[in-house]
Each structure stands twice: as structure tokens, then as C-alpha cells.
Amino acid sequence: MDDKEKGENSRQEGAIRTPLITQRHDHYSEANSGISLSKNTSGGGGSKDQIWMVYLSTLVALCGAFEFGVCSGYSSPTQTAITKELGLSTAQFSLFGSISTCGAMIGALTSGSMADLIGRKGTMAVSSCTCIAGWLTIYFSKGVVPLDTGRLLTGYGMGVFSYVVPVFIAEITPKHSRGRFTALNMGTLGIGTTATFALGAVLSWRNLALIGIVPCCAQLIGIFFIPESPRWLAKIGQRQKFEAALQQLRGKDSDISIEASEIQDYVETSQMLGKAKVTDLFQRKYMRSLMIGVMMMVFNQFCGINGILYYMSSIFDSIGFSSTLGGIIYSSFQVLACLLTATRMDNTGRKPLLLVSASGTLIGCVLVGTSFFLKVHEVSSSTSINVLAVAGLMVYGGSYSTGMGPIPWILMSEMFPLNVKGVAGSLASLIDWTGAWTVSYTFNYLILWSSYGTFLLYGAVNALAILFILIMVPETKGKSLEAIQIALNI
């Protein structure tokens, strides 16, 4: 059969390929529903002792999440020292602190197309190199311009990492452990932020900038020892490399034939649709996944997290509680909650954790808002008010990290088909970073308007999130990426 005939047959088969794949998914689910992972697992991915490469690859990717945390936490412990040494005004340092968000928006816009063009590993390498350049620029800064330039570069790296790290981890992990691995992204980010706060207490601001280079170097070295995402290799037509990467990730003794066939069939079907543009996302078949991806990013930010995080010290000071102790306790709650989520994600599921998380953030907002209301109207003692406010912040932080923080990024990495994942991921990331900037910028104005009203407003957003999750968000635990994408986008 010549190439022309093959092409004609391919077009004829395109109309029926999707239902065939759906049937195959159903067959795989039935065949594997009662089978535990063993040495020769099919379609699920190998036993624990065989997938050490998944652990190594995830660890390398998480260096980007740790770097994200370092970038996020850098401005807080260095404010006094940088302002004094370089003679910055409050407005100039505020620009330094916030310009990273602008860089992250640019990174979010380019991350999807970059990941599609040069691969997930290549994109992480570019992001690491950009962050290294940013940290070195900050280290050698003698004035405002290089300082802000360095911060902009590290912010760009943050924006790229926010997209590519969860996508890479989701694409390399077996379906029954994907949630656990992907949830580590947010936990590692929190550890990076906490470590930066701690090191900032003992290191100069220039030396702290050099610390930011360490995870980038670790990632650049580690990239040489891990495989590329099999799904991206399949997408660009590298069949042999795709199978070799999948075999490396699942273990040399694992039977990858079913999983490889499943991925390859879905990739071929996706490629028939051609390269996607932003306008293609608004087709009817993509509307549900697009709505879920966009709205979960809206709730991820407009529940108030960045306003609370960036101004936590002033919140604790306003209620007469030690900001240092409060920050340590808050960060610890977040890290512990993220680790708890990572251990329970693949058993409990995404949707129940999201509902618990949104309910907890709602309760936290109500508690903090109530404490400010009591303070403004002098209804209760200062001790009772402080206890209520601190408890509310702890409940809020822990609950956010349980679901509303990490799971929207997990859903984003799971829902979109390969042909639109780049543009869809970039759009979702851009909305998230735009929300981060908006909440951070408006928080002080809202507090001046009404301290308790601000938290009740954030509580209302969390209440809307609960309704949206109940109605629109599907459960994706234990399902292959292809099965999820077929269910949502056909």
C-alpha cells in the first residue's frame, strides 16, 4: 500500500477512532479493575521497586517547584537589608517585590508553546537557566534597574515552572499514583518558601540569592539522567524514543504494550485535529474542560490566598500576635497539609479533597472575619479575638493546601488533550497569575474599606467554589490521562 492510500485510509478511520479508543479504555478498566500491581503489570505501570525512575524524574522536576518557592519567599526576609543597602524607597521595593508576578505572567503565556516545541525537559532547563541569570543579576546589583531585572527573570522562571512541573509529573507517572506524585508540587513549593524564610534570618540578601541557584543547578544536572515525557515523544512522532522512555519509567520487566498502544492511539487521533490555536479552545467539545480549568484557577486565587500570604505579617501584627511565630506556624500547617494530600490523593480522590478544602477555607475566612468584626466593635476580649484570628488563619492555610492550592494544577495537567494542552495550559496559568496580582494589589484597599468585610468577601468566593465543584468537577483518580480527556472533550 503506497503513502497516498495509507493517508486515505487514515482519514476514513479518523471518524471511528474515537469510539474505538473509548471502547478500548472501557476494556482496560474492566480487565484491570481487580488486578493489583505486579511484576508484569499491563497498562498501569510496574511495581514500586520497578518505578524508581519515576521517583527520580519526579524529584528532578520538583527542583523547579522548590525554586518556585524560593522565588516567592525571597522578598519578605530581605526587605530591610535591600532597602537599607541600596537606598530604596518603599515604592521602589514594592515594585521589586511585585514585578516577579509580571514576569510570571509572561512565563505563563510562553510556557505551553515552549513545552510543546522543545519538550518538557527542555522547558525546565530554559526556566532553570533563566532563574540562574536572574539570581546572578540580583547578586551583583548596585541599583534599582538590575535588581528589578533580576526579579523579573526569576518571576519568568516561576511562571514556566508553574505549568511545566505538574504537566511533566502527570505525564510520566502511572495512573494509580499520579495524584500522589503531582500533589508533591505544592508541598515542595511550600518547603522552598519556608526554607527561604529560615535562611533569610541568617544570610545576607546577596548570599540568599546565591542559594536560589542551587535547585536550578540540581535540576540541570538531573535532566541528563531522566527520560523525556513519553506522551510528548509520541506527539512529535518519536515512536522508538517514546517506547524506550515509557519502558524506562515502568521498569524493564513490565509489559507496556497496552499503555503504549493506548497513548499512541490517542496521540494519533489528537494529531488529526491539527495544531490548536487559542480560539480553538472555545469549540463546544473543549468547553467543559476549559470552563473547569479556568474557573478552578479563578477560585485558586480569588479565595484570597496571596493577599493573606503577602500581608500575613501585618495581619498578625494587627491582632497583636508575633508575626514571626505566626508565619512559622502557618507555613508548617501548609507543608503538613500538602504532604497529607499527597498520601491520600489517590485513595480519597480529587473531588472530595476539593470539597473539604473549599469548606475549610470558607470556615477560616469566617473565623478571621468574625475576629476583626469583634475587634472593630470591641465586643470581646483581645485574647479571645487573637485566638479566633490565629485559629482562622491556621484553618485557612491548612485547608487551602489540602486541595484548593494543588488540585487545580493537577486537573489542568490531566484534562486537556495533547493537541490543545499547550495553549490551554498557558491560558489557565495566565489567569492564575493575573488573579495573583489582582488579589495582591487590591488586598490593602479592601482592608482599608472593611477588615472583616474583606474576609467575608473571600468566604463568599469559597462558597461559590463549593457549588462549582459539586456541579462541574469530575473525579479523575485511577483513570489514564487519555480516558479523562476522552470523557471531557468528546
Side-chain angles (χ1 to χ4, degrees), residues 58-76 78 95-141 146-169 184-186 188-193 195-196 199-200 205-206 208-223 306 309 409 412-413 422 425-426 428-434 436-437 440:
T58 301
L59 181 62
V60 171
L62 289 176
C63 289
F66 188 89
E67 173 67 12
F68 188 154
V70 174
C71 295
S72 298
Y74 180 77
S75 61
S76 182
T78 59
L95 177 62
F96 170 74
S98 61
I99 200 171
S100 62
T101 307
C102 299
M105 291 181 188
I106 301 172
L109 277 173
T110 60
S111 58
S113 56
M114 190 192 313
D116 284 345
L117 182 64
I118 64 175
R120 287 35 169 164
K121 285 171 57 178
T123 302
M124 287 190 287
V126 169
S127 186
S128 287
C129 290
T130 304
C131 286
I132 290 174
W135 288 123
L136 289 176
T137 304
I138 291 173
Y139 178 81
F140 291 108
S141 293
L147 192 70
D148 288 345
T149 301
R151 185 69 169 164
L152 187 68
L153 289 172
T154 59
Y156 177 85
M158 286 170 57
V160 175
F161 278 136
S162 69
Y163 169 77
V164 73
V165 170
V167 166
F168 177 74
I169 295 174
L184 290 172
N185 178 54
M186 184 64 68
T188 307
L189 191 161
I191 293 172
T193 303
T196 304
L199 292 173
W205 64 273
R206 294 186 189 275
L208 189 60
L210 293 180
I211 294 296
I213 296 175
V214 175
C216 297
C217 292
Q219 186 173 76
L220 288 173
I221 294 171
I223 280 174
N306 273 303
L309 183 61
W409 293 98
M412 183 270 292
S413 68
S426 291
S429 298
L430 177 63
I431 289 172
D432 186 83
W433 283 108
T434 303
W437 179 83
S440 302

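Hydrogens, waters and symmetry mates play no part in the numbers below; they use all other heavy atoms, side chains included.
In this structure, Gln219 CD and Ser128 OG are separated by 3.5 Å, a value rounded to the nearest 0.5 Å. With values rounded to the nearest 0.5 angstrom, Asn185 atom CG is found 13.0 Å from Phe66 atom CZ. A distance of 10.5 Å separates CE of Met186 from OG1 of Thr188, quoted to the nearest 0.5 Å. Here the OG1-CD distance, from Thr130 to Glu67, works out to 10.5 Å after rounding to the nearest 0.5 Å. Here the SG-CZ distance, from Cys131 to Phe161, works out to 5.0 Å after rounding to the nearest 0.5 Å. Atom-to-atom distance recorded for Tyr139:OH and Arg206:CZ is 7.5 Å, nearest 0.5 angstrom.
The shortest distance between side-chain heavy atoms of Trp409 and Asp432 falls below 4.5 Å. Annotation: side chain of Val160 is in contact with side chain of Thr123 (closest heavy-atom distance under 4.5 Å). For the pair Ile169/Leu62, a side-chain contact is recorded, criterion being any heavy-atom separation below 4.5 Å from C-beta on. Put simply, the side chain of Leu220 reaches to within 4.5 Å of the side chain of Ile132, judged on heavy atoms. For the pair Val126/Ile118, a side-chain contact is recorded, criterion being any heavy-atom separation below 4.5 Å from C-beta on. Side-chain contact between Val164 and Ser111: absent, with no pair of heavy atoms (C-beta onward) separated by less than 4.5 Å. Within the 4.5 Å cutoff, no side-chain heavy atoms of Tyr163 are placed close to those of Met114. Counting heavy atoms from C-beta on, the side chains of Arg151 and Ser75 come closer than 4.5 Å.
Nearest heavy-atom pair across Leu208 and Gly200 is CD2-CA, 3.9 Å. Closest approach of Ile99 to Phe96, counting heavy atoms only: CG2-O, 3.6 Å. Closest approach of Gly425 to Met412, counting heavy atoms only: CA-SD, 4.0 Å. Nearest heavy-atom pair, Gly157 versus Ser127, reported as atom, atom and distance to 0.1 Å: O-OG, 3.0 Å.
Not one N or O on the side chain of Ser100 forms a donor-acceptor pair closer than 3.5 Å with the backbone of Gly155. Under the 3.5 Å distance criterion, the side-chain polar atoms of Ser429 are left unmatched by any main-chain donor or acceptor of Ser426.
The side chain to side chain contact (heavy atoms under 4.5 Å, CB included) search around Asp116 returns Arg120, Lys235, not counting sequence neighbours.
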Apply side-chain contact (heavy atoms from CB on, under 4.5 Å) to residues Trp433 and Ser162 and explain how you reach the verdict. CA-CA 10 Å; Trp433 283 108; Ser162 69; 3.2 Å; yes
Could you go through Leu147 and Ile138, starting from their C-alpha distance and side-chain angles, then the distance that decides it, and tell me whether this counts as side-chain contact (heavy atoms from CB on, under 4.5 Å)? CA-CA 5 Å; Leu147 192 70; Ile138 291 173; 4.1 Å; yes
Take Leu95 and Asp148 through the test side-chain contact (heavy atoms from CB on, under 4.5 Å) and record every step on the way to the result. CA-CA 8 Å; Leu95 177 62; Asp148 288 345; 3.5 Å; yes
After noting the C-alpha distance and the side-chain angles of Thr101 and Met105, does the key distance pass the side-chain contact (heavy atoms from CB on, under 4.5 Å) rule? CA-CA 6 Å; Thr101 307; Met105 291 181 188; 4.2 Å; yes
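Residue Leu430 forms a side-chain contact (heavy atoms from CB on, under 4.5 Å) with just one option from Leu109, Thr110, Ile106, and that option is Leu109.
Aromatic rings of Trp135 and Tyr74 (six-membered ring for Trp) have centroids within the 6.0 Å cut-off, being under it.
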